[in-house]
Amino acid sequence: LKTDNLTTGGIIGSIVDYNTTNNINATISHCYNIGKNKSGGIIGQVSFYSNIVATIKMDNCYNTGDINDTSSSSLSTGGIIGYCKGNVIMEKCYNTGKVDKGAGIAGQVGGDATIEKCYNTVDVNGENAGGIISHVFGKLTATECYNTGNITGSSSDSGGIIGMAHSDATIENCHNTGKVTGGSGIVSQVNGKATITDCSNTGEITESSSHEPLGGIAGQVYYATIEN
């Protein structure tokens with residue numbers, strides 16, 4: 001899509017509701033995009049009034065087109081979805097298109113995120129880049145996800161799987177083999193309780209600036225259980 005609109009998607013540009021108090025529930029299944037976009041390969045943005053509960057379910061969706069937003073006002077970009085103010089449930093989605101300023105699967109999630117059997121295989125760049133998700137503000141559950149692309153962040157909050165989780169995070173059987181610059185192999189930072197089980201990283205970890213909390217699995221966590 002060639003446009004100056006900041007919220008473009010290969011299938012849906014924006015899901016927006018500012019006129020009612022009805023909750024939003026949307027299911028997107030078996031969709032794909034092969035063209036270049038600015039925000040998200042499938043969905044650009046989901047936004048609504050703060051008192052509305054939104055849940056976006058996506059399964060078996062994939063993107064092969066590059067996602068590149070050069071604007072300074074962009075919320076975030078993602079191979080599948082750019083920005084979602086609500087909850088996301090994603091299963092068996094993948095990205096093979098290069099992503100700038102975001103993450104391989106979902107850029108920024110304002111609610112809870114449940115991600116299962118999703119993967120990214122190409123390079124991702126951005127301030128808080130992630131192989132699967134850049135930012136999650138609600139609770140996170142990531143299961144059987146992997147990243148093989150190189151992740152390059154301009155801060156220490158980038159990760160092979162997750163950049164930053166602002167609440168509790170459960171990450172199981174997730175694996176990274178891509179080089180991570182400015183972050184950690186699985187997750188960079190968890191501000192709540194972190195449970196990381198059966199995860200691995202074989203990618204090189206390097207800093208983008210000095211004094212960064214970097215780790216092969218996790219960078220900075222406050223309450224953590226890491227097993228196997």
Side-chain angles (χ1 to χ4, degrees), residues 40 42-43 45-46 53-59 61 75-95 99 102-120 124 126-147 149 151 153 155-176 178 180 182-201 213-228:
I42 305 298
I43 300 177
Q45 172 182 300
V46 179
V53 177
T55 300
I56 307 300
K57 298 180 180 179
M58 305 183 72
D59 70 271
C61 296
L75 291 171
S76 193
T77 62
I80 302 298
I81 183 169
Y83 169 76
C84 180
K85 190 176 180 181
N87 307 320
V88 296
I89 300 171
M90 307 180 74
E91 182 178 358
K92 297 179 181 178
C93 296
Y94 69 86
N95 174 64
V99 179
I105 299 298
Q108 188 174 121
V109 180
D112 298 341
T114 301
I115 312 293
E116 184 176 357
K117 297 179 180 177
C118 296
Y119 66 87
N120 173 69
V124 178
E127 181 179 357
N128 306 118
I132 302 299
I133 302 180
S134 174
H135 270 244
V136 182
F137 287 87
K139 293 182 178 180
L140 164 71
T141 301
T143 308
E144 296 184 58
C145 297
Y146 71 86
N147 171 67
I151 309 300
S155 72
S156 62
D157 295 328
S158 299
I161 301 298
I162 308 296
M164 178 184 291
H166 292 264
S167 186
D168 295 348
T170 300
I171 306 173
E172 298 178 344
N173 197 21
C174 292
H175 309 282
N176 175 66
V180 180
S184 299
I186 299 298
V187 58
S188 176
Q189 182 171 328
V190 179
N191 292 334
K193 180 181 178 181
T195 302
I196 303 172
T197 308
D198 295 321
C199 295
S200 68
N201 170 64
L214 307 180
I217 298 296
Q220 180 173 307
V221 293
Y222 293 91
Y223 306 98
T225 299
I226 302 176
E227 297 179 341
N228 300 326

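Interatomic distance, M58 CE to E91 CD, rounded to the nearest 0.5 Å: 12.5 Å. Here the CG atom belonging to N176 is positioned 5.0 Å from the CG atom belonging to N147, to the nearest 0.5 angstrom. The distance from atom CE of M90 to atom CD1 of I56, rounded to the nearest 0.5 Å, is 10.5 Å. L214 contributes atom CG, which lies 11.0 Å from atom CD of Q220 (distance to the nearest 0.5 angstrom). Separating the OG1 atom in T143 from the CD atom in E172 is a distance of 5.0 Å, to the nearest 0.5 Å. One finds the OH atom of Y119 at 9.5 Å from the CG atom of N95 (value rounded to the nearest 0.5 Å).
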Could you tabulate the donor-acceptor pairs under 3.5 Å formed by side-chain atoms of residues 162-170, not counting sequence neighbours?
unit_1: H166; atom_1: NE2; unit_2: H135; atom_2: ND1; d: 3.1
unit_1: D168; atom_1: OD1; unit_2: K193; atom_2: N; d: 2.8

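The shortest heavy-atom contact between S76 and G102 is OG-CA, 4.0 Å. Of all heavy-atom pairs between S158 and G153, the closest is OG-CA, 3.2 Å. When every heavy atom of A142 is checked against every heavy atom of C174, the shortest pair comes out as O-SG, 3.7 Å. Taking each heavy atom of I217 and S184 in turn, the nearest pair found is O-CB, 4.1 Å. The minimum heavy-atom distance between A106 and V109, with the atom names listed, is CB-CG2, 4.2 Å. Between S134 and A129, the shortest heavy-atom contact is OG-N, 4.5 Å.
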- [ ] Go through the steps to decide whether Y222 and V190 satisfy the test side chain to side chain contact (heavy atoms under 4.5 Å, CB included), and finish with yes or no.
- [x] CA-CA 7 Å; Y222 293 91; V190 179; over 6 Å; no
Task: Residue pair E144, Y146: steps toward the side chain to side chain donor-acceptor pair (under 3.5 Å) verdict - done: CA-CA 7 Å; E144 296 184 58; Y146 71 86; over 6 Å; no
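The shortest side-chain heavy-atom distance between K57 and D59 does not fall under the 4.5 Å cut-off.
With sequence neighbours excluded, no residue satisfies side-chain hydrogen bond (donor to acceptor under 3.5 Å, both in side chains) with E127. Under the rule for a side chain to side chain contact (heavy atoms under 4.5 Å, CB included), the partners of D198 that lie at least two apart in sequence or sit in another chain are N228. Here S200 pairs with H175 under the side-chain hydrogen bond (donor to acceptor under 3.5 Å, both in side chains) rule; sequence neighbours left out. Scored by the side chain to side chain contact (heavy atoms under 4.5 Å, CB included) test, S188 finds D157 as partners (sequence neighbours excluded). Taking V136 as the reference, A113, I133, L140 meet the side chain to side chain contact (heavy atoms under 4.5 Å, CB included) condition, with sequence neighbours excluded.
Tested against I161 for a side chain to side chain contact (heavy atoms under 4.5 Å, CB included), the candidates I132, I105, I115, V180 yield a single pass: I132.
No side-chain donor-acceptor contact under 3.5 Å links D112 to the backbone of N87.
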